[in-house]
Chemist: 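Before I ask anything, here is the structure I am working with.
So that the names make sense, note that chain A is the first sequence line, chain B the second, and so on, each numbered from 1.
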Amino acid sequence: MTNESVDVVIVGAGASGAAIAWSLVDTKMKILCLEQGDWVNPADYPTTGTDWEAKGWGDFSFSPNTRGRETDYPINEDDSPINIANFNGVGGSTILYAAHFPRFHPSDFKVKSLDGVGDDWPIDYETLEPYYAENDRMMGVAALAGDPAYPPKDAVLPPVPIGKLGETLGRGLNKLGWHWWPSDSAIATQPYDGRDQCANLGPCVTGCSQGAKASTDITYWPHAIRAGVELRTRCRVKEITHDENDMATGVVYFDENGDEQFQPAEVVIMACNGVGTPRILLNSKSSRFPNGIANDSGLVGKNLMFHPYASIQGVFEERLDGHIGPGGCCIWSQEFYETDQSRGHLRGYTFEITRGRGAASTALGGLGSGKVPWGPGHHQAYQSLFDKTAGMVAICEDLPEEHNTVTLDPVLVDSDGIPAPKINYTLSDNSKKMLDHAVAKGEEMLRAAGAVDVTSDSPLGVAGWHLMGTARMGTDPAKSVVNEWGRSHDVKNLFVVDGSIFVTSAGVNPTSTIQALSLYIADNMKKRLANLFD
Amino acid sequence: MPDLISTDAALNPEASAFIMLLLGLMIPAEGEMPSAADPAIAQKCLQGMSSAESLVMDALYFINDQGVDFEKLSPTEQLRLIDTLRASKPEFIAAFQFNAVASYYADERVLTVLGLEGRAPHPGGYKAPETDWRLLETVTERGSIYRKV
């Protein structure tokens with residue numbers, strides 16, 4: 001079945017798809033977004049029940065393979081030490097993200113020039129800065145101005161309270177003379193743009209029942225839809241089609257009944273994240289593009305970057321009220337962010353100090369580590385851990401390597417028969433050294449803060465939250481998939497706006513940069529409307 | 001074996017009784033803390049384990065094959081046998097611990113004793129104390145640390 005043609009079809013309603021949909025409404029073009037998932041009802045989020053932790057391990061798990069909803073697609077992760085995290089629905093992975101919202105640093109765009117590794121981006125921090133600021137306003141970012149780890153930037157909302165836990169670790173960092181600052185957080189600390197203010201529920205990563213966390217279903221989308229964008233859910237895109245002039249003609253998708261439909265469009269924008277986008281590009285094969293559309297460079301699906309994570313946790317002698325406040329947003333330290341070759345690795349990482357573990361997670365972790373036994377000693381051992389455990393994750397910069405890939409699995413398919421993505425990934429020596437450094441420094445920090453026992457988990461296997469690099473941007477068509485404003489080198493009405501286009505990964509959560517890039521690309525499209533395809 | 005509580009779980013009676021025994025062994029009552037074999041808690045765990053009946057029966061057969069009457073052993077001897085079970089049947093132990101913990105530490109009485117107000121986080125939320133930002137004075141005194149390019 002063929003639908004009525006639109007000017008722009010956006011594939012994916014997550015962080016980047018929402019931002020570009022909102023920005024492009026200025027053009028008065030007919031814009032349609034196709035999303036494979038549903039709208040999520042905040043009343044269904046786990047924190048409305050005392051069993052919120054169990055639900056977070058099941059229906060609201062960030063692993064699509066664990067969650068296994070009808071709207072998810074399976075992912076073959078057998079050849080990766082890091083597993084993929086995502087969410088498929090309106091809002092995409094912002095539904096389950098922590099809302100930890102750092103920007104890249106200026107140095108992150110010039111990795112090759114500064115450190116001789118990876119590649120430089122074709123754009124720089126100054127180019128993106130106005131889009132970071134615009135996105136901060138749209139998402140409602142809580143921050144404290146003056147962070148010495150960044151160029152000056154404004155705070156939209158007051159910072160999140162750091163609580164007893166944050167102050168305890170802050171004092172430890174002060175003893176060492178290390179940098180720390182309250183985290184930039186996409187969380188409404190005051191009523192903002194129709195959103196209620198944060199009620200310090202704790203687990204943002206199972207969805208925000210309060211509606212304070214900036215997931216794009218409650219930030220960009222209401223504005224975009226009110227301005228005329230159509231958002232169609234339960235539409236799973238299979239492939240992008242093209243004509244004899246190498247121009248995209250639209251997309252083929254399966255609707256909620258499993259019926260195949262064709263959606264003609266003048267412009268196709270991919271916004272499906274660093275795994276979903278290469279999956280569809282690679283699945284869009286033709287005699288002209290036998291290796292997938294927009295893949296003359298052969299780089300679609302290559303250079304997959306995660307952020308290798310280490311978790312370092314300490315046990316303290318007093319309770320820390322760790323259940324109060326947004327779980328992933330407290331303070332950060334970027335003491336070891338910029339390159340210092342004396343550390344034995346290049347580039348660096350951010351320490352994201354997290355809040356305490358829930359009651360059930362504490363027990364499960366204690367049973368797993370052997371610190372909490374079965375039987376008569378259970379309660380005493382449990383009480384020595386509960387609300388007395390605090391720590392951090394280190395978010396390490398990953399460097400692009402072509403052998404880290406997303407390909408199409410030859411066997412595994414989703415419920416519509418579309419090939420599933422297969423991940424092949426190995427940790428580099430630089431990443432291993434960086435993780436070891438982070439574990440040692442994290443332990444030093446926790447001991448300085450008063451921890452009496454410290455444990456670590458590195459690399460953190462569940463931590464494939466950040467999916468980047470698989471359709472990289474650049475000026476050379478032989479070395480990149482899209483140009484410096486997100487347009488495919490090979491198909492001049494096909495754009496990519498998600499984390500796929502990252503050249504390098506930096507050492508911070510990527511959502512702020514993904515959305516800034518999406519707004520930047522939208523602006524470039526608007527400026528070039530008369531000759532967009534030249 | 002203890003009497004089977006009223007439940008709509010799909011586990012057969014033998015498997016249910018085994019799970020009940022393990023719950024009481026794993027988390028016994030102490031002070032204000034109830035046992036995990038408390039009927040309201042156990043019912044949730046039995047429901048959670050209902051999809052893993054084959055794992056439960058496999059574990060039960062393993063225990064029965066040890067040539068002892070598990071129910072009549074002392075708690076210390078039972079725990080020693082559980083260590084053997086843990087080594088031989090890790091999938092069962094993982095599933096059981098997951099469901100036991102998820103049921104026990106979501107119980108309002110347990111959460112209340114832990115100081116968590118015995119309720120869901122939403123809608124009540126929690127009040128956070130004001131932050132003393134003077135803590136950042138040493139950080140700001142040091143000045144800018146980002147790499148100029």
Chemist: Examine whether an atom of A:Ser113 lies under 4.5 Å from a heavy atom of chain B, and if so say whether it belongs to the side chain, the backbone or both; otherwise answer neither.
Modeler: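 Looking at A:Ser113, nothing touches chain B.
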
Chemist: Pick from A:Asp51, A:Asn174, A:Asp387, A:Thr362: which one has the most heavy-atom pairs with chain B under 4.5 Å?
Modeler: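 Heavy-atom pairs under 4.5 Å are most numerous for A:Asn174.
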
Chemist: Side chain, backbone, both or neither: which part of A:Phe386 has a non-hydrogen atom closer than 4.5 Å to chain B?
Modeler: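 A:Phe386 touches chain B through side-chain heavy atoms alone.
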
Chemist: Quick one: which of A:Gly163, A:Pro203, A:Ala54, A:Ser209 has the most heavy-atom pairs under 4.5 Å with chain B, could you say?
Modeler: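 The residue among A:Gly163, A:Pro203, A:Ala54, A:Ser209 with the greatest pair count is A:Ser209.
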
Chemist: Can you tell me which portion of A:Glu338 sits under 4.5 Å from chain B's heavy atoms? Options are side chain, backbone, both or neither.
Modeler: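 Contact with chain B involves the side chain of A:Glu338 alone.
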
Chemist: Hey, is CD on B:Glu32 packed in by over 12 heavy atoms from elsewhere, all under 6.0 Å?
Modeler: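 12 or below, so no.
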
Chemist: With a 4.5 angstrom heavy-atom cut-off, could you sort out which part of B:Thr138 is near chain A: side chain, backbone, both or neither?
Modeler: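 B:Thr138 touches chain A through side-chain heavy atoms alone.
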
Chemist: Between A:His323, A:His179, A:Lys164, which shows the greatest number of heavy-atom pairs under 4.5 Å with chain B?
Modeler: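 Ranked by heavy-atom pairs under 4.5 Å with chain B, first place is A:His323.
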
Chemist: Using a cut-off of under 4.5 Å on heavy-atom pairs, state which of B:Met26, B:Met33, B:Lys44, B:Gln78 scores highest against chain A.
Modeler: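 That would be B:Met26.
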
Chemist: Checking B:Asn99 against chain A: side chain, backbone, both or neither under 4.5 Å from a heavy atom?
Modeler: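 For B:Asn99, there is no contact with chain A at all, as no heavy atom is under 4.5 Å.
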
Chemist: For the residue pair A:Tyr382 and B:Tyr105, is the inter-centroid distance of their aromatic rings smaller than 6.0 Å?
Modeler: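 Here the rings of B:Tyr105 and A:Tyr382 have centres that are less than 6.0 Å from each other.
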
Chemist: Chain A heavy atoms under 4.5 Å from B:Tyr104: which part of the residue, side chain, backbone, both or neither?
Modeler: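 The answer is the side chain of B:Tyr104.
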
Chemist: Grab the two heavy atoms, one from A:Trp374 and one from B:Ile82, that are nearest each other, plus how far apart they are.
Modeler: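 Shortest heavy-atom contact: CZ3-CG2, 3.7 Å.
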
Chemist: Of the backbone (N, CA, C, O) and the side chain (C-beta and beyond), which part of A:Trp52 lies under 4.5 Å from a heavy atom of chain B, both, or neither?
Modeler: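 A:Trp52 touches chain B through side-chain heavy atoms alone.
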
Chemist: Rounded to the nearest 0.5 Å, what separates atom CD in A:Gln210 from atom NE2 in B:His122?
Modeler: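 If I round to the nearest 0.5 Å, the distance is 4.5 Å.
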
Chemist: What distance separates B:Ile27 CD1 from A:Leu367 CG, expressed to the nearest 0.5 Å?
Modeler: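 That separation rounds to 7.0 Å.
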
Chemist: Which one wins on heavy-atom pair count under 4.5 Å against chain A: B:Leu22, B:Leu25, B:Leu114?
Modeler: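 Ranked by heavy-atom pairs under 4.5 Å with chain A, first place is B:Leu114.
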
Chemist: At a heavy-atom separation under 4.5 Å, does A:Trp181 approach chain B through its side chain, its backbone, both, or neither?
Modeler: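 When you check distances to chain B, atoms from both the backbone and side chain of A:Trp181 fall under 4.5 Å.
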
Chemist: Do you know which of B:Thr131, B:Asp107, B:Ile93, B:Val110 has the most heavy-atom pairs with chain A at a distance under 4.5 angstrom?
Modeler: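 Heavy-atom pair counts peak at B:Thr131.
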
Chemist: For A:Leu144, is it the side chain, the backbone, both or neither that has a heavy atom under 4.5 Å from a heavy atom of chain B?
Modeler: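 Interface part for A:Leu144: side chain.
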
Chemist: For B:Leu135, is it the side chain, the backbone, both or neither that has a heavy atom under 4.5 Å from a heavy atom of chain A?
Modeler: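 For B:Leu135, backbone and side chain are both near chain A.
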
Chemist: Side chain, backbone, both or neither: which part of B:Pro75 has a non-hydrogen atom closer than 4.5 Å to chain A?
Modeler: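 Neither part.
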
Chemist: Taking A:Pro182, A:Gly166, A:Pro373 one by one, which has the highest count of heavy-atom pairs under 4.5 Å against chain B?
Modeler: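 Most heavy-atom pairs under 4.5 Å with chain B: A:Pro182.
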
Chemist: Roughly how far apart are B:Thr140 OG1 and A:Asp147 CG, rounded to 0.5 Å?
Modeler: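 Result: 10.5 Å between the selected atoms.
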
Chemist: Testing the basics here: between A:Pro376 and B:Leu79, what is the closest heavy-atom pair and its distance to 0.1 Å?
Modeler: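 Heavy atoms only, the tightest pair is CD-CD1, 4.2 Å.
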
Chemist: Give me the atom names and distance for the closest heavy-atom approach of B:Pro129 to A:Pro161.
Modeler: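 Heavy-atom minimum between the residues: O-CB, 3.8 Å.
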
Chemist: Non-hydrogen atoms of chain A under 4.5 Å away: do they reach the side chain of B:Lys127, the backbone, both or neither?
Modeler: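 B:Lys127 touches chain A through backbone heavy atoms alone.
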
Chemist: Which distance, rounded to the nearest 0.5 Å, do you find between the CD of B:Glu30 and the CD of A:Gln380?
Modeler: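 That separation rounds to 7.5 Å.
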
Chemist: Could you have a look at B:Thr76, B:Leu136, B:Leu111 and say which one has the most heavy-atom pairs with chain A under 4.5 angstrom?
Modeler: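 Among B:Thr76, B:Leu136, B:Leu111, the one with the most close pairs to chain A is B:Leu136.
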
Chemist: If every non-hydrogen atom of B:Tyr146 is compared with every non-hydrogen atom of A:Ala149, which pair is closest and at what distance?
Modeler: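 Looking at all heavy atoms of both residues, the closest pair is CB-O, 3.1 Å.
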
Chemist: For A:Thr50 and B:Ala106, work out which heavy atoms get closest and say how close.
Modeler: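 So the two residues come closest at OG1-O, 2.7 Å.
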
Chemist: Given a strict heavy-atom distance threshold of 4.5 Å, which part of A:Pro46 is in contact with chain B: side chain, backbone, both, or neither?
Modeler: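 When you check distances to chain B, no heavy atom of A:Pro46 falls under 4.5 Å.
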
Chemist: Just wondering, more than 12 heavy atoms not from B:Lys72 lying within 6.0 Å of its NZ?
Modeler: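 No, because the 6.0 Å sphere around NZ of B:Lys72 holds 12 heavy atoms or fewer from other groups.
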
Chemist: At their closest point, which heavy atom of A:Pro106 faces which heavy atom of B:Arg147, and how far apart are they?
Modeler: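 In this case the closest contact between A:Pro106 and B:Arg147 is CB-O, 4.5 Å.
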
Chemist: Examine whether an atom of B:Glu130 lies under 4.5 Å from a heavy atom of chain A, and if so say whether it belongs to the side chain, the backbone or both; otherwise answer neither.
Modeler: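 Backbone of B:Glu130 only, per the 4.5 Å heavy-atom cut-off to chain A.
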
Chemist: Calculate, to the nearest 0.5 Å, the distance between atoms CD1 and CG belonging to A:Ile162 and B:Asp132 respectively.
Modeler: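 The CD1 atom of A:Ile162 sits 9.0 Å away from the CG atom of B:Asp132.
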
